[in-house]
Structure formats: structure tokens, C-alpha cells
Amino acid sequence: MSEDVLAPLSGKIVSLSVEPGAAVEEDDEILVIEAMKMETPIFAPCSGTVSKIAVKEGDAVEEDDLLAVIE
């Protein structure tokens, strides 16, 4: 069973904390989005393995865009 990690807001990806294949625990930081000069960390909603990172640093994202998939 996999869980999609969606963008909670529009902004720009400023850093990635994990790579595909990385094991994460619930509430581990996955990446950081910047919006209106404020950085918002995005945390893993569950424990598992990151199977996909759908963005890269510098990408612009809209609310509800797919950021990552955790299995």
C-alpha cells in the first residue's frame, strides 16, 4: 500500500531531504517548500520507503501537486 505526499500549498521546492529508496519514519522531513519567503517543511505522513520523488529543487508546485510516494 502506498501513500501520496501532496503539496499543501503553492510554492517552490528549495531542498530535498530524501532520495528514492530511502527509509523514512512518520514525521521525518522529506522536503522544503518556499512560499512568500517562508519555508515550509513537508513531513512523511507514514513510515515506509520513498518509492518516488516527483519534484526536484527549483520546481514550482501548486497546491495538491504530487511531491512523493511512500510505500
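Count residues from 1 along the sequence. Remember, it's a predicted structure, so these values are computed and weren't measured experimentally.
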Val18-Ile13 co-clustered via ILVMFWY side chain contacts under 4.5 Å: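 Shared cluster, yes.
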Cluster link Leu6 to Val50, ILVMFWY, side chain under 4.5 Å: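 Leu6 and Val50: separate clusters.
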Closest contact, heavy atoms only, Phe43 versus Ile30: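 Looking at all heavy atoms of both residues, the shortest contact is C-CD1, 3.9 Å.
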Closest non-hydrogen atom pair, Ser51 against Pro20: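 Taking Ser51 first and Pro20 second, the nearest heavy atoms are O-CB, 4.3 Å.
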Which pairs would a plain distance check flag for residues 61-71, meaning a side-chain donor or acceptor within less than 3.5 Å of a matching protein atom at least two apart in sequence or in another chain?
unit_1: Glu62; atom_1: OE1; unit_2: Ser10; atom_2: OG; d: 3.1
unit_1: Asp65; atom_1: OD2; unit_2: Glu62; atom_2: N; d: 2.8

Identify every side-chain donor-acceptor pair in residues 31-42 under 3.5 Å, counting partners at least two apart or on other chains, and give the distances.
none

Trace of the side chain to side chain contact (heavy atoms under 4.5 Å, CB included) decision for Thr49 with Val24: CA-CA 6 Å; Thr49 301; Val24 294; over 6 Å; no
Cys46 SG to Glu3 CD distance, which is reported to the nearest 0.5 Å: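 Rounded to the nearest 0.5 Å, the SG-CD separation comes to 4.0 Å.
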Qualifying side-chain hydrogen bond (donor to acceptor under 3.5 Å, both in side chains) pairs with a residue from residues 13-25, counting only residues at least two apart or across chains: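 Listed once each, the pairs are Ser17-Glu29, Glu25-Ser47.
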